[in-house]
Amino acid sequence: QAQLVESGGGLVQTGGSLRLSCAASGRTFSTSAMGWFRQASGKERQFVAGISWSANRIYYTDYTASVKGRFTISRDNAKSTVYLQMNSLKPEDTAVYYCAAAPGRSGVRRESAEYDYWGQGTQVTVSS
């Protein structure tokens, strides 16, 4: 069974930066589209960023509008790890962030139902 473990969350001031990591186990990471979702207290889980897999090592990314220009998703298949670099953080970014994998799917996925595996989540808190 594939497993995902997030790390890198914490408390940061408005305008600060954090880098989240998601380490994957199993053999399907390199052929899985990957995504980051977040869930704020009392709200539904929402898509944040996604990245495709590609046999030619060219990857495509997608972001929710509120994080474009501030967040960057990337992946390192050799390390079976996906990252989310978060810059210029705002209080509204406060949430539990989850890493997700969609084995066998190449394109970026925006819906949580399209992902088969999920990490435990890591808390990101941005103080004003």
Side-chain angles (χ1 to χ4, degrees):
Q1 185 92 90
Q3 296 185 48
L4 306 175
V5 180
E6 301 98 334
S7 62
L11 176 64
V12 66
Q13 294 181 335
T14 296
S17 298
L18 286 173
R19 188 192 192 196
L20 305 184
S21 297
C22 173
S25 63
R27 300 179 180 180
T28 62
F29 177 83
S30 63
T31 54
S32 297
M34 302 293 296
W36 285 97
F37 290 76
R38 66 187 181 188
Q39 186 168 21
S41 180
K43 297 184 178 180
E44 295 184 354
R45 182 169 53 189
Q46 63 177 198
F47 172 80
V48 176
I51 187 167
S52 68
W53 73 266
S54 176
N56 61 12
R57 301 183 181 182
I58 298 175
Y59 301 99
Y60 299 90
T61 59
D62 192 22
Y63 302 89
T64 192
S66 63
V67 308
K68 287 183 177 179
R70 299 189 297 120
F71 291 10
T72 302
I73 186 172
S74 62
R75 65 191 296 161
D76 185 338
N77 288 347
K79 296 181 178 180
S80 296
T81 301
V82 63
Y83 305 95
L84 184 67
Q85 178 66 48
M86 305 185 294
N87 299 324
S88 301
L89 284 162
K90 305 174 181 179
E92 50 263 45
D93 295 318
T94 295
V96 176
Y97 283 70
Y98 297 91
C99 176
R105 300 181 179 183
S106 60
V108 175
R109 310 289 172 169
R110 299 180 67 93
E111 299 295 328
S112 61
E114 297 179 286
Y115 292 84
D116 296 322
Y117 301 101
W118 295 82
Q120 83 286 356
T122 185
Q123 177 71 48
V124 171
T125 302
V126 184
S127 62
S128 60

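These numbers were taken from a predicted model, which means no experiment stands behind them.
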*Decide yes or no for Tyr59 and Asn77: does some side-chain heavy atom of the first lie under 4.5 Å from some side-chain heavy atom of the second?*
yes

_For a quick test of reading the model, state the closest non-hydrogen atom pair linking Gly119 to Tyr98 and the distance between them._
O-CD2, 3.6 Å

*Mind checking what makes side-chain contact (heavy atoms from CB on, under 4.5 Å) contact with Ser41, not counting sequence neighbours?*
none

*Search all heavy atoms of Leu4 against all heavy atoms of Cys22 and return the closest pair with its distance.*
CB-SG, 3.8 Å

*To the nearest 0.5 angstrom, please state how far the OH atom of Tyr117 sits from the OG atom of Ser25.*
10.0 Å

*Shortest non-hydrogen contact from Gly9 to Leu20?*
N-CD2, 3.6 Å

*How long is the span from the OG1 atom in Thr125 to the CG atom in Asp93, to the nearest 0.5 Å?*
11.0 Å

*Apart from Tyr83 itself, residues in the same hydrophobic cluster as defined by side-chain heavy atoms under 4.5 Å*: none

*asked:* Is there a path of hydrophobic side-chain contacts, each under 4.5 Å between heavy atoms of I/L/V/M/F/W/Y residues, joining Leu84 to Ile51?
replied: yes

*Spell out, yes or no, whether Val67 and Met34 are grouped together once hydrophobic residues are joined by side-chain heavy atoms under 4.5 Å, including indirect joins.*
yes

*Report yes if some heavy atom in the side chain of Phe71 is under 4.5 Å from a heavy atom in the side chain of Trp36; otherwise report no.*
no

*Nearest heavy-atom pair of Trp53 and Ala33: which atoms, and what distance?*
CD1-N, 3.6 Å

*Taking side chain as C-beta onward, heavy atoms only, is Ser106 less than 4.5 Å from Ser52?*
no

*Just do the side chain to side chain contact (heavy atoms under 4.5 Å, CB included) check on Gln120 and Glu6 with the steps written out, would you?*
CA-CA 7 Å; Gln120 83 286 356; Glu6 301 98 334; 2.7 Å; yes

*asked:* Among residues at least two apart in sequence or on other chains, which ones pass side-chain contact (heavy atoms from CB on, under 4.5 Å) with Ser17?
replied: Gln85, Asn87

Donor-acceptor contacts, no H, no angles, side chain residues 43-50, under 3.5 Å, sequence neighbours left out:
{"unit_1": "Gln46", "atom_1": "OE1", "unit_2": "Arg38", "atom_2": "NE", "d": "3.1"}

*Got a sec, which residues hit side-chain contact (heavy atoms from CB on, under 4.5 Å) with Glu114, two or more places apart in sequence or on another chain?*
Arg105, Arg109, Glu111

_Distance check, rounded to the nearest 0.5 Å: Lys68 atom NZ versus Asp62 atom CG?_
6.0 Å

*Contact summary for Ala101 and Ser32, nearest pair of heavy atoms*: CB-CB, 4.4 Å

*asked:* Nearest 0.5 angstrom please: Lys90 NZ to Ser128 OG, how far?
replied: 14.0 Å

*When hydrophobic residues are tied together by side-chain contacts of less than 4.5 Å, even through go-betweens, does Tyr63 share a cluster with Val82?*
yes

_Could you report the tightest heavy-atom contact between Val96 and Gln123, atom names first, then the distance?_
CG2-OE1, 3.2 Å

*Report the residues that fulfil side-chain contact (heavy atoms from CB on, under 4.5 Å) with Ser7, sequence neighbours left out, ordered by chain and then residue number.*
Ser21

